[in-house]
Amino acid sequence: MSIVKTYLPKEAEEKWYSYWLENNFFKSVPDDREPYTIVMPPPNVTGVLHMGHMLNNTIQDVLIRRARMKGKNACWVPGTDHASIATEAKVVAMLKEKGISKKDLSRAEFLDYAWEWKEKYGGIILDQLKKLGASCDWDRTRFTMDDDLSEAVIDTFIHLYKKGLIYRGIRMVNWDPQGKTAVSDEEVIRKEVNQKLYYIRYAVVRDELSVMSESVATHHSPLNSRYLTIATTRPETIMADAAICINPNDGRYLHMHGKKVFIPLINREIPVILDEYVTMDFGTGCLKVTPAHDLNDYELGQKHNLPVIDILNDDGTLNAKAQILVGEDRFAARKKIAVMLEEAGVLEKVEEYKSQVGFSERTNAVIEPKLSMQWFCKMEDMAKPALDYVLNGEIKLIPEKFINTYRHWMENVKDWCISRQLWWGQQIPAWYLPNGQYVIAKTVEEALEQAKQLSGNSQLTIHDLTQEEDVVDTWFSSWLWPISVFDGFKDPNNADINYYYPTNDLVTAPEILFFWVARMIMAGHEFRGKIPFENVYLTGIVRDKQGRKMSKSLGNSPDPLDLIEKYGADGVRVGMLLSSPAGNDLMFDEGHCEQGRNFYNKVWNAFRLVKGWEVDEKLENPNQVAINWFESRFNQALTEIEDTFAQYRLSEALMATYKLVWDDFCAWYLEMIKPAYLQPIDRETYNRTIEFFSKILKLLHPFIPFITEELWHDDLFGERKAFDCCIVAQLPNSGEINPRLLADVENVKQVITQIRNIRNNKQISPKEALPLSVRTASGIDYLSYKAILTKLANLSELVLVTDKLSGASNFLVSTDEFYVPLSETIDPVAEQERLQKEKDYLTGFLKSVNAKLTNEKFMANAKPEVIEAEQKKRADAEAKLKIIEEGLAGLAS
RNA sequence: GGGAGUUUAGCUCAGCUGGUUCAGAGCAUCUGCCUUACAAGCAGAGGGUCACUGGUUCGAACCCAGUAACUCCCA
């Protein structure tokens, strides 16, 4: 069978992916084997594949494929997240395009549209993952709003409520006036914005006492005592002011203690209060306290028993309590009130000012701190065990540096606002009675029973109850993911959950360490009494070359499917892994995908070479040394690769594999054994080489699954039985390593390199065979490597000598001297220069080694093996120096 | 303002307990090669004040302190 010159990935990818699917290689059911489980962080159902997913899922697939090839029962559970805010926003936008407003729809009608949308677009991202080669058990695909999973959410809500961990309360929340919903702290993006700082005068309420103190104050204070000036970026909220606060230690305002002032324009009287919270050197040192519209002010207000005056509607317009500018949008009102203040003569000045402003991640609207009735989940008790799991190492974070961040967050955990003013999601199972009381129940029937009891009114009917409109936060469903995908709530003792849970590895982004990973750990402890996973591999953020996060809006993200088209899935996988140390951001460079493509192309061509060989059964095997060497080298590399995988250093594992294949196998081994053009090869070398190749394919498979599967089935490897596929082949075990042989060959390689160098420098054709003489001091038996040396350095002869050879080109490898007699004469000046340079270096080196060895403190403190190493260095250097000095002497004579 | 992290070759990164001829890898660059597996390649080569300053130590890229720049999280 002839083999095409260039591998065509597309065809092979489609062929083998369907083949794997048809043969159920991705499928997992509990059995006697050890399980290896990963649950996929469910991508947003609205999402399309981006580079972050590519990285994340490539890593997961490598881990899963390796586990499968190590004989474990590998199970990778895929799925999608309903992503309430993002999806609802998309559906609203889609409806808007059709001319439908959400306001005009009932909840049920809206949800019909949303489900329709989900059915249509919801699976796209999972199909895209298939192109990457993701070997998920697709039969297990779950969606966070599947009936079972939603039921689990409701059940856990009720469970936690009964435990007293869920409560309802008025809180300051991040309000998105555009989405008209509360959003979590994590969904608020803070950006520095140029703002204006308005200095506004509040007139002091005058009484007799103040007239007296005023005359005193004017002597001591440069400030006018007829008014206080405050600085604010939000003049439109002055109507909601409850007090002016000054620092009790602020000497400038002593005369204001106990006074009252008028809010400009509306002339409402508010007190001047004292609190050390106020920063004296910011603005004027006077702070307007607006409890309804600022978190810190709210807390200050609570402390001083100030009234809460909320002047904003849900959509960000001013309400009747504002008295003025009613119905205006907050930003329009800001401009207008500035003019009004100016006209009233109370606007002292306006300064430019930079400050952090929160924006909604989803709608990009400026977040409004707002008091509202929300549902909360107490975190403190749940955080404690979740922190311990990580601190005591039961759950490992990779890399470990995230432990600090994790601890910091868990020790300062705040209660979780779990309600969202949305329709897409699990509706909170709370039912309100006509009198405002509420009950928590799974069904309206149960709710009615409870309501009757609670109210003592047996006449109540279902129609008297209204269910809470809000849904729970998306994370309130995804924190159950590792349990709910195995039906651990519906059927807590089923075979799947008992077998697969706790899962092994979780691969996710550090940015959701807190709101997802930490909460899964809490849920695992709360609902199973066990950790949800053992290792958390945190990937970095994929950035472009300028260090910017790759995003659709910036347009700096390549389309992953285009990349796959261009470089093949295998190439892209290698590209993603080449520079992705755990936890560090990845500067994505398309060049890496190209490198990946070049790599599998190299594998392809190595295969073509071997494929083309004809065996002559009569030939002796001249390659035993090369075979022994590569076998040793392979086993050595295998150990390294195992080790790096154990430490989750995936890039390093890939690089070790890459070098084993490209350098050791292709550049050295195949060159060593390769017969001359059109010449046959001996049976043993041929068989051993095919065996090596097959081991290499297995080693490569987790990284580049498609081409390895393609080659695996070539008849070069003989007849394959039906299920004999690379994807389920067992990884080779490490065998014997011969360190002496490995070290010798390193020297032999150096000799070859040196001779190639001489050719390069002297413009000698590789076709011209050269004689080589060796004067050895190291004890390496170069004659046993004669075949390799002859072939790779193109030697005409290799002889051992005991005396120096003058007039020949020479070089030193270790302490062995090599001579290449050349027809042209050596330039003695250049030769002397070269030797002198080497001598200088060695002398300096020897000096530093000697400095250590004659240093009493070094000899007293250093470990014995370190001293031994230094002594060996000295001996080697001295030996080399001696040879060089001889050479110099020879030139001089 | 508080906390965390990063800074090593042109680029992306290793450097694990302070001690190998320790300053490394891959890519990129340069030089020479279309040598019938592979120019998506082969054979070679060059390239770094380990951010800066000080300290600890026989010995520091590594430990400590300070400084600077960048990134992230919290306020």
Side-chain angles (χ1 to χ4, degrees), chain A residues 3 5-7 185-186 190 279 282 295-296 356 358 399 401-409 411-412 414 510-511 513-514 540-541 543 545 547 549 567 571 578-581 583-589 591-592 594-613 643-644 647 649 651-652 654-656 658-659 662-663 666-667 670-671 674 676-678 752-761 763 765-767 792 794 814 841-842 844-846 848-849 851-863 865-870 872-873 876-877 880:
Chain A
I3 182 158
K5 192 172 174 190
T6 309
Y7 167 66
D185 289 348
E186 291 80 7
R190 291 191 167 72
T279 314
F282 179 79
L295 179 60
N296 295 313
Q356 297 278 320
K401 69 177 178 185
F402 285 107
I403 294 175
N404 279 341
T405 330
Y406 182 82
R407 178 171 53 205
H408 189 255
W409 192 74
E411 283 174 350
N412 298 287
K414 284 185 239 154
E511 45 196 356
L513 180 60
F514 307 133
I541 295 167
R543 298 177 179 279
K545 276 183 172 173
K549 188 174 175 172
Y567 302 104
L578 268 177
S579 71
S580 58
N584 281 347
D585 288 357
L586 177 152
M587 302 293 166
F588 181 76
D589 182 349
H592 288 140
E594 196 182 336
Q595 197 183 342
R597 181 201 60 183
N598 293 355
F599 178 53
Y600 67 62
N601 185 243
K602 184 74 185 175
V603 175
W604 184 257
N605 279 301
F607 184 82
R608 286 178 59 220
L609 173 69
V610 177
K611 179 81 181 165
W613 289 338
D643 190 52
T644 45
Q647 297 176 64
R649 295 161 172 258
S651 320
E652 280 178 51
L654 171 59
M655 192 42 72
Y658 178 98
K659 284 197 261 189
W662 198 309
D663 298 343
C666 296
L670 289 179
E671 293 300 329
K674 183 168 139 183
Y677 183 55
L678 289 179
I752 293 163
T753 301
Q754 291 281 13
I755 292 171
R756 284 171 178 168
N757 244 330
I758 290 174
R759 284 186 198 278
N760 254 341
N761 291 337
Q763 310 268 323
S765 157
K767 284 173 183 156
L792 298 191
N794 192 16
S814 177
Y841 170 77
L842 277 171
F845 173 70
L846 196 56
S848 79
V849 174
K852 283 188 199 175
L853 288 169
T854 53
N855 182 324
E856 275 175 40
K857 287 192 176 170
F858 173 77
M859 297 304 282
N861 295 326
K863 283 178 266 179
E865 58 266 32
V866 173
I867 294 176
E868 208 174 301
E870 292 297 320
K872 186 171 183 310
K873 279 194 234 169
D876 285 356
K880 276 192 179 184

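All chains are named by letter (A, B, ...) in the order of the sequence lines, taking the proteins before the strands, and each is independently numbered beginning at 1. Computed over heavy atoms, backbone and side chain alike; hydrogens, waters and symmetry mates excluded.
- Of the inter-residue distances, the one linking A/L609 atom CG with A/K674 atom NZ reads 6.0 Å to the nearest 0.5 angstrom.
- At least one donor-acceptor pair under 3.5 Å links the side chain of A/N861 to the backbone N or O of A/K857.
- A/W662 comes within 4.0 angstrom of sugar-phosphate atoms only, judged by non-hydrogen atoms across all strands, and of no base.
- Taking every side-chain heavy atom of A/N760 into account, B/A43 is the closest of B/A37, B/C16, B/A43.
- For B/A75, the OP1/OP2 oxygens have a side-chain nitrogen or oxygen of A/K414 closer than 4.0 Å.
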Given side chain to side chain contact (heavy atoms under 4.5 Å, CB included), test A/F858 with A/V866 step by step and report yes or no. CA-CA 10 Å; A/F858 173 77; A/V866 173; 4.0 Å; yes
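- Residue-level contact check: A/F607 touches neither bases nor backbone, having no heavy atom under 4.0 Å from any strand.
- For A/M655, counting side-chain heavy atoms from C-beta on, the closest listed nucleotide (B/C27, B/A25, B/G19) is B/A25.
- Across all strands shown, A/N601 has heavy atoms under 4.0 Å from base atoms, whether or not it also approaches the sugar-phosphate.
- Remark: B/A4 base-pairs with B/U71. Criterion, Watson-Crick or G-U wobble with two distances under 3.5 Å.
- In this structure, A/K674 reaches the bases: a heavy-atom distance under 4.0 Å links it to at least one base atom across the strands shown.
- The phosphate of B/A45 (OP1 or OP2) has a side-chain N or O of A/N757 nearer than 4.0 angstrom.
- At least one side-chain nitrogen or oxygen of A/T753 sits closer than 4.0 Å to the OP1 or OP2 atom of B/G44.
- A gap of 23 Å separates the C1' atoms of B/A69 and B/A60, to the nearest Å.
- An OP1 or OP2 oxygen of B/A40 is reached within less than 4.0 angstrom by no side-chain nitrogen or oxygen of A/Y600.
- For A/N861, whose side chain is taken as the heavy atoms from C-beta onward, the closest listed nucleotide among B/C58, B/C42, B/G44 is B/C58.
- Across every strand in view, B/G66 sits in a pair with B/C52 that passes the Watson-Crick or G-U test at under 3.5 angstrom.
- A/Y600 and A/Y7 have perpendicular rings, their planes meeting at more than 60° on a 0 to 90° scale where under 30° would count as parallel.
- Note on A/K863: every side-chain N or O is 4.0 Å or more away from OP1 and OP2 of B/G18.
- Heavy atoms of A/R759 sit nowhere under 4.0 angstrom from any nucleic acid atom.
- In this model, a side-chain donor or acceptor of A/K602 finds a partner on the base of B/C38 within 3.5 Å.
- Put simply, the side chain of A/M655 does not reach to within 4.5 Å of the side chain of A/T644, judged on heavy atoms.
- Taking atom P in both B/G1 and B/G19, the straight-line distance is 38 Å, to the nearest Å.
- Dense packing is recorded around CD of A/E671, with more than 12 heavy atoms of other residues, nucleotides or ligands lying under 6.0 Å away.
- Here the side chain of A/V866 is nearest to one of B/C38, B/G19, B/C16, namely B/G19.
- With both ends at atom P, the span from B/C63 to B/A14 equals 15 Å, rounded to whole Å.
- For A/H408, taking side-chain heavy atoms from C-beta onward, the closest of the listed nucleotides B/G3, B/A37, B/A40 is B/G3.
- Comparing B/A40, B/C58, B/G44 by their closest approach to the side chain of A/R756 singles out B/G44.
- The side chain of A/T6 lies closest to B/A40, out of B/A14, B/G44, B/A40.
- The base-pairing partner of B/U57, taking Watson-Crick or G-U wobble contacts with both distances under 3.5 Å, does not exist among the strands shown.
- B/C16 is unpaired under the criterion used here, namely a Watson-Crick or G-U wobble arrangement in which both key atom distances are under 3.5 Å.
- At a threshold of 4.0 angstrom between heavy atoms, the contacts of A/A869 with the nucleic acid are absent.
- Across all strands, A/L842 comes closer than 4.0 Å to base atoms (heavy-atom distances).
- Of the candidates B/C16, B/C27, B/A43, the closest approach to any side-chain atom of A/A667 belongs to B/A43.
- Distances from the side chain of A/D663 to the nucleotides B/G26, B/C38, B/C73 place B/G26 closest.
- Remark: A/E856 CD is loosely packed, at most 12 non-hydrogen atoms of other residues, nucleotides or ligands lying under 6.0 Å away.
- Heavy atoms of A/E671 sit under 4.0 angstrom from at least one base atom.
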Using the rule given for side chain to side chain contact (heavy atoms under 4.5 Å, CB included), can you reason through A/D643 versus A/R649, listing the C-alpha separation, both sets of side-chain angles and the distance that settles it, and then say yes or no? CA-CA 9 Å; A/D643 190 52; A/R649 295 161 172 258; over 6 Å; no
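- Proximity note for A/F858 (side chain, C-beta onward) versus B/G44, B/A40, B/C58: the nearest is B/C58.
- Atom CZ in A/F599 sits about 18 Å away from atom P in B/C38, given to the nearest Å.
- Going from the C1' atom of B/U12 to that of B/U17 covers 28 Å, rounded to whole Å.
- Checking B/C30 for Watson-Crick or G-U wobble geometry (two distances, each under 3.5 Å) identifies B/G44 as its partner.
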